[in-house]
*Asks:* 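This is the structure I have questions about; it appears just below.
Within every chain, numbering begins at 1; the chains are lettered A, B, ... in the order of the sequence lines, protein sequences first and strands thereafter. If you're wondering where the values come from, they're calculated on a predicted model, not measured in any experiment.
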Amino acid sequence: MSVDLAATLVVAIPLLSAGVLLLLGRRSDGFGHWLGVAASAASCVLSVLLLLSLLGSPAEDRSVGVHLFSWIPAGELSVDAGFLVDPLSVTFLILITFVGTLIHVYAVAYMEHDDDRRRFFAYLNLFVAAMLILVLADSYALLFVGWEGVGLASYLLIGFWNQRTDYAVAAKKAFVMNRVGDMGLLIGMGALFATVGSVEFDEVFAAVPGLSEGWLTAIGLALLLGACGKSAQFPLQAWLGDAMAGPTPVSALIHAATMVTAGVYLIVRSGPIFEAAPTAQLVVAVVGAVTLLFGAIVGCAKDDIKKALAASTMSQIGYMMLAAGLGPIGYAFAIFHLFTHGFFKAGMFLGAGSVMHGMNDEVNMRGFGGLSRYMRVTWITFGLGWLAILGIPPFSGFWSKDKIIEAAFVGEGWQPWVLGGAALIGAGITAFYMSRLFFMTFHGEPRFNDGKNDQPGPEQHPHESPALMTVPMIVLALGSAALGGVLMVGESFFHWLEPVTGHVEHHEPVVPVPVLIAATLVLVALGVFLAWRQYWAARVPVTAPAGSVLTRAARRDLYQDVVNEAVFARPGTHLVRTMTYADTAVVDGAVNGLGAGAVGWGERLRKVQNGFVRSYGALMAVGVVLVLVAVLATRI
Amino acid sequence: MSLVNYLVLAGILFAIGSAAVLVRRNSIVAFMGVELMLNAANLTLVTFARMHGDLSGQVIAFFVMVVAAAEVVIGLAIIVSIFRTRGSASLDDASLLKS
Amino acid sequence: MFVAPHIEWAALTPVLILLGAAVIGVLVEAFVPRASRRLVQLALSALAVAGALVAVTWRWTVVQSSGPRELVAGALREDGPALLAQAVLLVLSLLALLVIADRSRGEDGFAPTAAAVPGSEYEDQARRAGLAQTEVFPLTMFAVTGMLVFPAAADLLTMFIALEVLSLPLYLLAGLARYRRLLSQEASLKYFLLGAFSSAFFLMGLALLYGYAGSVRLDELAVAVPAMAGMDGLLLAGSALVIVGLLFKVGAVPFHAWTPDVYQGAPTSVTGFMAACTKVAAFAALLRFVYVVTPGLTWDLAPFLWTVAILTMVVGTVLAIVQTDMKRTLAYSSVAHAGFLLLGVIALDERGIGGVIFYLLAYGLATVGSFGLVSLVRTKDADGNVTSEAGHLSEWAGLGRRSPVLAVSFALFLLSFAGIPLTAGFTGKFAVFSAAVAGGAWPLVVVAVLASAAAAFFYVRIIVLMFFTEPPVAEDGSSTTVVRTEGLTAVAVVVCAVGTVLLGVVPSAILAITAQASKFLL
């Protein structure tokens with residue numbers, strides 16, 4: 001099978017499946033979910049074929065362009081739709097389709113009692129197709145199509161249970177904040193078209209040396225804004241917590257493994273632009289550093305298991321952004337961490353879903369406790385993910401996150417200390433809140449009414465989830481455990497990515513590597529210990545205690561929503577009200593006035609046509625005289 | 001004798017013809033005004049032919065006469081049909097179509 | 001020593017076919033028995049127009065291969081724009097002929113005997129005897145002949161003669177309506193008087209130009225324009241008067257006053273023929289004159305032409321908004337369209353020629369189709385007799401429910417007039433407006449777009465009237481009815497509708513042809 005055909009089918013099959021499921025409607029309820037799984041699995045197989053095809057060719061030939069059709073032949077702007085199959089896009093392909101297929105299988109069981117399960121799978125397939133378009137696109141324009149597609153799918157899936165108003169509101173909030181980011185991407189594309197005359201990757205990157213740094217910085221910042229929106233980075237991160245209103249498979253697939261990583265993909269793909277605009281690149285790194293701390297602090301105070309995992313996602317993507325903002329030395333690490341994070345975060349989300357499934361959809365961790373006894377498989381798989389995210393060797397997170405911390409400490413001046421320090425401290429806080437989450441859920445005394453103890457609340461019967469749910473979790477856990485180590489053998493992953501990220505010399509960080517590793521492990525151990533002390537050894541209160549100022553601030557997402565409301569939402573509403581008034585008063589007034597004027601003039605002019613042929617003749621004669629006067633006036 | 005005088009005469013005839021069309025109520029007289037305008041143009045043509053020493057102007061004048069004759073046929077047919085319908089040849093009476 | 005001029009008979013075949021058919025038609029009137037006269041005339045005319053169309057196509061291929069040329073010792077030109085205009089004319093004439101020839105309940109749209117006084121006993125006798133005024137066919141053929149020569153004329157004399165040949169039959173045809181004969185005769189009188197008046201201006205302009213350049217040939221005028229500085233007055237006055245004469249035919253303000261009255265009074269099928277074909281011929285001739293003779297005079301003539309264009313668009317639109325009669329509304333709308341077409345003339349850009357011809361085709365199809373449909377909607381009086389066309393707009397209310405096919409096709413034509421995308425009118429407007437912008441006349445385009453937007457009002461008003469309003473209940477017991485015909489009008493309307501849609505959806509083929517042919521042979 002040729003690369004062209006495989007690349008086209010990899011997108012076409014989930015897209016067609018989504019279309020079929022939506023068009024057939026209720027008639028496909030019986031088999032709809034299996035069709036969705038099959039479509040996703042087919043894409044996975046095709047992605048593996050593409051991977052093998054690329055592996056089989058020598059390193060120089062690993063960038064294959066697939067031309068699809070001429071899309072916008074609008075004179076100067078001529079955009080062709082085409083795919084770019086290279087190591088970066090194939091990496092994402094594997095991640096999206098493999099993790100995606102596992103989550104599809106999981107969702108068959110998770111959504112079993114939902115009448116709209118088929119529609120859910122249609123949207124999931126739509127999402128997969130859009131995400132694949134995003135990573136396979138060979139131009140910013142086609143990437144934008146995928147970008148918008150995943151935004152749409154995210155909206156539809158977050159608000160899947162839109163019978164509940166707060167879920168629908170959460171979906172709207174996600175969509176609107178994404179829109180703000182999309183403005184950035186559009187402005188960046190517009191600036192690229194204005195300066196380069198094209199938005200295709202190869203033409204843009206070839207033209208980068210010829211552009212001024214001012215333009216490149218502006219474009220880079222605009223692209224960063226888009227990335228922040230999609231990847232929930234500061235200052236556009238407030239939607240991710242609310243997005244947890246969607247069913248858990250959605251949170252796992254979209255808001256952990258794939259869509260939120262699209263921003264990182266954009267930054268890495270636009271590497272040549274950022275390398276030529278060091279200021280923009282630094283801003284990327286700073287945004288990443290700020291977000292990783294932000295997410296970590298917020299995660300410490302969340303009692304909702306999904307929201308805590310969301311904060312963790314935000315923070316981990318901050319790590320990836322930080323790495324991407326470090327320049328060529330960081331790209332490969334960012335993608336590496338993205339890849340491993342996809343496995344362990346998705347696995348943990350599926351585990352959280354499993355817990356919710358067993359605990360009657362309860363999400364408050366203060367109502368869990370001691371679940372390791374009842375849900376062994378979930379406990380073990382979640383535990384493997386926990387160890388991975390902590391960065392305990394030899395699990396995958398250790399390999400990927402430590403590389404980032406090392407790279408953060410490379411450089412001169414204040415940069416390595418600030419960025420590296422943020423990454424290091426973030427690792428410690430991550431350890432704390434992830435352990436907090438793990439211990440509160442699975443260890444300690446049960447804080448729920450299990451029929452035998454004296455806890456308040458309705459009786460719960462935690463049980464292990466069915467095989468369709470546990471098998472994907474097991475697979476993901478295995479990935480979390482081993483993937484990092486496997487890919488690090490011979491630095492194969494980095495060599496694999498070299499055609500895209502470029503070969504980078506190894507730089508020494510300002511703090512020696514062994515010291516860094518040791519410091520990281522010490523901070524991690526400290527974090528785990530503090531969490532153990534507070535959430536395992538001690539009794540966890542069922543109702544949340546008042547907490548310190550920082551805790552309260554962290555519970556309220558560090559007041560981000562309040563700021564958004566005051567700075568953007570309220571003035572925005574005022575602005576819209578003013579414009580609506582201007583529209584009715586000025587624009588409609590002008591149009592109505594024009595109409596009335598036309599009728600008034602018409603009535604007056606009618607009288608000229610009085611039916612007497614001589615007056616028509618007079619009109620003509622007057623016209624002729626005026627014409628002659630006008631034409632001859634200059635000659636006299 | 002300056003040839004410009006003929007041009008002036010032609011201009012005056014043209015103006016008189018236009019005035020006849022615009023001022024006279026009787027359709028036959030108005031049509032006579034049109035014929036006067038056509039003949040004023042003929043005079044102009046012939047005068048310019050003389051000025052340029054070229055015969056084309058006079059040949060064109062012949063063509064115009066033929067055309068004017070054809071026009072008279074058509075015009076009188078129309079005027080007669082209206083006269084037989086209304087009993088009057090007044091232009092102002094034919095004003096049913098308006099505004 | 002007289003040297004006989006060389007006459008290229010082959011190149012003249014379209015004109016000769018039509019002229020021959022017209023002359024034979026007159027003979028048919030004299031010699032063929034009354035019963036078969038109509039059929040013979042119809043067959044003759046239709047075959048002649050179709051044959052002329054084939055001949056024009058043939059000449060097009062010849063010109064494509066061997067280039068444009070002048071004919072009849074310089075009296076005619078055979079070049080791209082002339083042949084294109086002739087082809088468009090013949091297509092529209094054929095469709096209009098079908099509408100003219102159509103009969104409903106055994107009666108056509110023309111008075112049984114034009115010589116009978118309206119309302120007299122003679123007229124009733126003629127009607128009962130089933131008389132038909134079949135001279136309309138040769139008259140139409142003469143008019144089409146004149147229209148064919150008009151765009152191809154290479155000197156002003158030929159142009160003048162063609163102008164008269166096309167106008168005189170139209171003056172007569174306007175007076176031959178079957179119903180409302182008073183209005184029809186009045187329309188004929190007005191058209192004749194004002195037409196003769198403007199022809200006199202044209203002729204005076206011709207004389208002045210002859211005085212300026214010593215020749216009436218367009219090519220020699222074009223050469224003389226930059227040459228002589230001293231006698232500019234003659235040149236300018238002459239050009240202005242010639243253009244005035246042409247603007248009258250086109251229906252531009254302030255020379256438009258005849259249009260509403262004549263369009264309303266004339267038989268509806270003739271109105272369709274006039275509105276479409278006269279405009280094509282006149283605009284093609286105007287294009288030739290302006291592009292060939294006056295490019296050097298743009299500075300002087302531009303204010304005059306710009307003012308005329310703006311006034312035409314605005315007055316046409318504004319007056320159409322306040323009309324209450326269907327045919328009058330369509331008449332004022334055609335004035336507005338003349339204004340839009342003037343943009344292509346003023347553009348003095350090569351794309352203007354192709355754009356104007358395409359717009360004329362699109363406008364012509366919609367015009368013939370819409371007037372064909374108007375001729376089918378009649379008033380039925382209290383006794384059940386079907387009489388004249390339903391004139392007042394209110395009589396059209398609710399047609400959508402009773403005759404959906406008619407209403408939908410009429411709506412299609414109205415949308416094409418309005419310039420809604422996916423109709424031919426939109427493509428035409430786009431072509432003309434882009435040519436105008438290319439020629440630097442963008443303020444005119446702004447006015448044109450505003451006028452189009454305002455015009456959409458009265459087009460849509462009719463559509464709303466047909467589909468979303470209840471039929472009125474008149475006090476005198478009359479109602480509106482749609483008559484069945486022998487089918488010729490239906491064929492014409494279908495062809496026009498299909499053409500309108502095709503030119504709107506896939507115009508590229510025709511656009512390519514019109515763009516290709518945009519070079520006047522001097």
*Asks:* Just by modelled atom types, is the F612(A) backbone N or O under 3.5 Å from a matching donor or acceptor in the K190(C) side chain?
*Replies:* no
*Asks:* Checking L193(C) against chain A: side chain, backbone, both or neither under 4.5 Å from a heavy atom?
*Replies:* side chain
*Asks:* Does any part of the side chain of V315(C), heavy atoms only, come nearer than 4.5 Å to the side chain of L605(A), both counted from C-beta?
*Replies:* yes
*Asks:* For a 4.5 angstrom cut-off between non-hydrogen side-chain atoms, does M620(A) reach S198(C)?
*Replies:* yes
*Asks:* Before you tell me yes or no, could you show the steps for V322(C) and V599(A) under side chain to side chain contact (heavy atoms under 4.5 Å, CB included), namely the whole-Å CA-CA distance, both residues' side-chain angles and the distance that decides it to 0.1 Å?
*Replies:* CA-CA 6 Å; V322(C) 293; V599(A) 172; 4.1 Å; yes
*Asks:* Does any backbone or side-chain atom of F248(C) lie under 4.5 Å from a heavy atom of chain A? Answer side chain, backbone, both or neither.
*Replies:* side chain
*Asks:* If you take all heavy atoms of A240(C) and V627(A), which pair is closest and at what distance?
*Replies:* CB-CG1, 3.8 Å
*Asks:* Between S239(C) and chain A, which part of the residue has a heavy atom less than 4.5 Å away: side chain, backbone, both or neither?
*Replies:* neither
*Asks:* Nearest 0.5 angstrom please: L619(A) CG to L194(C) CG, how far?
*Replies:* 10.0 Å
*Asks:* Name the option with the most non-hydrogen atom pairs under 4.5 Å to chain C; the candidates are V608(A), L594(A), V613(A).
*Replies:* V613(A)
*Asks:* Between L241(C) and chain A, which part of the residue has a heavy atom less than 4.5 Å away: side chain, backbone, both or neither?
*Replies:* side chain
*Asks:* Over all heavy atoms of both residues, which pair between P254(C) and G623(A) is shortest? Give the atoms and the distance, please.
*Replies:* CG-CA, 3.8 Å
*Asks:* Determine the option with the most heavy-atom pairs under 4.5 angstrom with chain C, choosing from A621(A), S615(A), G617(A).
*Replies:* G617(A)
*Asks:* So for F255(C), is it side chain, backbone, both, or neither that comes closer than 4.5 Å to the heavy atoms of chain A?
*Replies:* both
*Asks:* Need one label for A237(C): side chain, backbone, both or neither, based on atoms under 4.5 Å from any heavy atom in chain A.
*Replies:* both
*Asks:* Just verifying a value: how many Å separate F201(C) CZ and L628(A) CG, rounded to the nearest 0.5 Å?
*Replies:* 8.5 Å
*Asks:* Are there over 12 heavy-atom neighbours, none belonging to F144(A), within less than 6.0 Å of that residue's CZ?
*Replies:* yes
*Asks:* Among T259(C), L319(C), D261(C), whose side-chain contact (heavy atoms from CB on, under 4.5 Å) with Q609(A) holds?
*Replies:* D261(C)
*Asks:* In Å and rounded to the nearest 0.5 Å, what is the CD1 to CD distance from I321(C) to E603(A)?
*Replies:* 11.0 Å
*Asks:* Counting neighbours of CH2 on W306(C) that are heavy atoms of other residues, nucleotides or ligands and sit closer than 6.0 Å, is the number greater than 12?
*Replies:* yes
*Asks:* Select one option (side chain, backbone, both, neither) describing which atoms of A630(A) are under 4.5 Å from chain C's heavy atoms.
*Replies:* neither
